[in-house]
Structure formats: C-alpha cells, structure tokens
Enquirer: 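Below is a structure I'd like to ask you about.
We name chains A, B, ... by the order of the sequence lines, and we start the count at 1 in each one.
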There are 2 protein chains.
Amino acid sequence: MSEAFRGEFNQKVDGKARVSIPAPFRRVLEAGDPAFDGSRPKFVLIYGRPGSDFVECYTIAQMKLLEAKIRRMPPGTPQRKALERNFITLSQLVEVDDDGRIVMPPKAREKLGLDADALKDGAEATFAGTLDTFQIWRRDAYEATLATEADADFDFLEDGADLLSLLPTDPEG
Amino acid sequence: MSEAFRGEFNQKVDGKARVSIPAPFRRVLEAGDPAFDGSRPKFVLIYGRPGSDFVECYTIAQMKLLEAKIRRMPPGTPQRKALERNFITLSQLVEVDDDGRIVMPPKAREKLGLDADALKDGAEATFAGTLDTFQIWRRDAYEATLATEADADFDFLEDGADLLSLLPTDPEG
DNA sequence: CCCGTTCCCATGAGATTCCATGACACCCCG
DNA sequence: CGGGGTGTCATGGAATCTCATGGGAACGGG
C-alpha cells in the first residue's frame, strides 16, 4: 500500500492556469480511479470549506466512500446539507491530461487567490500530501501557514512528551 | 459512476428564457436518459416544493427510482399525496436542444422570480450539482442563500472542529 | 395574419489537444 | 569509474475544438 499521498511539491502555474500534478500523486490518482484505462485519471477537487486556504483533492474511490457516508445520513438534516454543500456542490471533477496537468478551475483559483495578475507573474502552487487526500495551496500561503501551525502541533503535548504519544494505544503497537 | 452532478455554474438567461445547460451536466443527463440517441436528452424539472427558492432537476433514470418509491406507498394517504403533488404533478419533462439549451418553462420562471422584466435585463441562473440531481437558481438568490447557510453550517461545530466530524461514526472509519 | 416557439447559423472566448524543449535521474556497458 | 543513452517530468507555445450566447429565419396554431 504505497497508495498514499505523501510529501510536498512545488509546481508552476502558467498563464492558462495549468499545473502539473506531481508524478507520485499521479500514481495514486490512477490507482484510485476505477475507470482508469492507462491515461487521464480523474479526481475530485473540493473548494468548499470556507475558512481554509487550500483546495482538497480526493481520488474517485475515496470520494465514493465519502458519498456513501453522506447518503447514509437522514436526508434534509442540517448536518447532511452542510456536508453536501461543502463536499459535493462546492466541488468539481477534474481530469489529468496526457501531459500530467490539470487546469485549475476558476472557483479553485478564486479560493486560492490566484487571479489573472498572479498567473501572469508566474504563480507557484504547493501540493501537500495527507495520506488519503492532498491539498493544493498557493506557495506563499502554504509556507506562511506551515510556519504557524508547526508550533501549534506541540500545544497538545505535556512538556517534553513525544509526538507519538498522541497515537491511540493499540494492541498491535 | 462519475455520473454525478457536481459543482456550480452560472449561465445567462436570454430574452426568450433560453438557458444553456452546463456541458458537464449534459453528459450526466445523456447517461441518465435511456432513450438518448445522440442528441436532445430529456430530463424532469420539478417546480413544486413551496418554500424552496430553486427548481430541482432529475435525470429520467433517477426519476424512475423516485416514482417506484412513491408507488410502493399506500395509495390515498396524505404522505403519498404530498409526494405525488410535489414531485409528479408540479413537474415537467423538458428536452435539451441541439445547442445544449432548454427554454425555462413558465412555471419554473415563476418560481424563480424570473419575470419578463428580469429577462429583458439579462438575468443569470446558477446551476448547483447535488450528486443525483441538480438545482437551478436565480443567481442572486443562490448567492444570498449560500452565504447565509454557509455560516449556519458552522453552528453545529464545536470551535475548531472539522466539518467531517459531522459524519456518522462508523466502524469502517 | 400575428405572436410565441422552435430551429439554424454566427461568433468569440475559453478550453483542450498536440508538439517541443530542457532538466534530471537512472541504467547499462565499456 | 565514467560516459553515453534513455526515459520521465515539468513546462512553454501554438493550433484546434467546444461551449455559451446572440440574432434572425422558419414554423405553427389560433
């Protein structure tokens, strides 16, 4: 199971809003697309979730799991509507082209703050893997946020405790 | 099954009440119309459900599922009547033309508040995908509602909790 | 014959496809 | 150990196509 998004990558965004998907991520997207036939894997890009500074990307398989969970919730409840809105309506299916790129959809550009000017000036995006999904950031926003949050990670810990102590205790160790 | 309505699209409504169906949605409508033969897919437009500010659109296939469920209900009960009225009587079969457009039926226009004046002034509609169906709104109404509801979404959440925590807890994670 | 539709064509903007290039990394063989 | 050679990747540019949208002609029913 190397089928996981891992690591960080910086990619240029050109004037037409095209970005290369990092090759290792492509491998995972291909594995996670049941309709993949050798080229052009698809995936789902989520631009909802106000408050966050990035867009989140799900493989087809992973999104189906999420959809199934949402469908199991009672229809019409505010909770379900909230999830539908943020993960279905505010999302978009995208296809990786034969050169390994996608065009950033307008809504995603908007969320990241990639306007026409930024594209002209040669914008850069950061791809950050988070196991089952990956995130796309504007590079500068990513670096600023990382600096802040890396500190916050340690707020949970007693002085001197190890990060791994946060893991659930589990018989298999 | 990438056959799902997903994302938001804005389209102009011209003086003759014509609107383009977003191309990605067209693909889904085609797939969901058993009689589709290369052009002019049909679908069902629902303008019942008073209180809602949009009309809802079902593929033929999806509507058949809904019909089957209604038929399984005991005839004559108020519950069944309510569903029949709102999803069958207050609905209409429409056909996408060769340019990818439909004419907004008068009943739908009425529900959305698209009168002759609004059409003259160049009205805009928003299409919002919700997996099995999609909704058509007047753009301004959509944006206003989205803004309101997006805030409401976070009322369910403890401070700092993630939207995904709304999912039912489930052994398979 | 008139009004409301439906059909057909035109057009520009935006999206997709295709080709080209340069930078690396890796491998095989001398 | 070195040196090509080969392949993958990221990236740029240009040709081509699709889509949304507007205008007008044809049509049909009352």
Enquirer: CZ of A/F9 versus C1' of C/dC24: gap in Å, rounded?
Expert: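 Rounding to the nearest Å, CZ of A/F9 and C1' of C/dC24 are 15 Å apart.
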Enquirer: Decide, yes or no, whether a salt bridge links B/R138 with B/E124 under the criterion of side-chain N to carboxylate O below 4.0 Å.
Expert: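 No salt bridge links B/R138 with B/E124.
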Enquirer: Inspect the contact between B/E110 and B/K107 and indicate whether a charged nitrogen and a carboxylate oxygen are less than 4.0 angstrom apart.
Expert: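 Salt bridge: no.
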Enquirer: Assign each of A/G15 and A/R27 to its nearest nucleotide of DNA chain D by heavy atoms, then name whichever residue's nucleotide is nearer the 5' end.
Expert: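 Between the two, 5'-proximity favours A/R27.
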Enquirer: On DNA chain D, which is the earliest and which the latest nucleotide, 5' to 3', with an atom closer than 4.0 Å to a heavy atom of chain A?
Expert: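 That gives a stretch of D/dC9 to D/dA14.
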Enquirer: Look at all strands and tell whether B/D99 reaches a base, only sugar-phosphate, or nothing, counting heavy atoms closer than 4.0 Å.
Expert: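 Counting heavy atoms under 4.0 Å across all strands, the contact made by B/D99 includes a base.
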Enquirer: Any carboxylate oxygen within less than 4.0 angstrom of a Lys/Arg side-chain nitrogen, looking at B/D98 and B/R40?
Expert: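 Salt bridge flag = yes for B/R40 with B/D98.
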Enquirer: Just by modelled atom types, is the A/A144 backbone N or O under 3.5 Å from a matching donor or acceptor in the A/T148 side chain?
Expert: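 Yes, A/T148 side chain to A/A144 backbone: donor-acceptor pair under 3.5 Å.
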Enquirer: Quickly work out the B/R101 CZ to C/dC8 C1' distance and round it to whole Å.
Expert: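 Between C1' of C/dC8 and CZ of B/R101: 10 Å.
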Enquirer: Determine whether A/D115 and A/L119 satisfy the following criterion, side-chain contact (heavy atoms from CB on, under 4.5 Å), listing intermediate values before the conclusion.
Expert: CA-CA 6 Å; A/D115 50 27; A/L119 294 183; over 6 Å; no
Enquirer: Grab the two heavy atoms, one from A/G76 and one from A/K81, that are nearest each other, plus how far apart they are.
Expert: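 Closest heavy-atom pair between A/G76 and A/K81: O-CE, 3.9 Å.
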Enquirer: Go through it in stages, so that I can follow the logic: the residues are B/D99 and B/S20, the test is side-chain contact (heavy atoms from CB on, under 4.5 Å), and I'd like the CA-CA distance, side-chain angles, deciding distance and then a yes or no.
Expert: CA-CA 8 Å; B/D99 296 335; B/S20 286; over 6 Å; no
Enquirer: Starting at CG of B/D14 and ending at P of C/dA10, how long is that distance when rounded to a whole Å?
Expert: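 Distance, rounded to whole Å: 19 Å.
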Enquirer: Strictly below 4.0 Å, N to O, side chains only: are A/E67 and B/R6 in salt-bridge contact?
Expert: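 Between B/R6 and A/E67 there is a salt bridge, with a charged N closer than 4.0 Å to a carboxylate O.
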Enquirer: Between residues 16-25 of chain B and DNA chain D, which residues have a heavy-atom gap below 4.0 Å?
Expert: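 Of all residues in residues 16-25 of chain B, the ones placing a heavy atom under 4.0 Å from DNA chain D are B/K16, B/R18, B/S20, B/I21, B/P22, B/A23.
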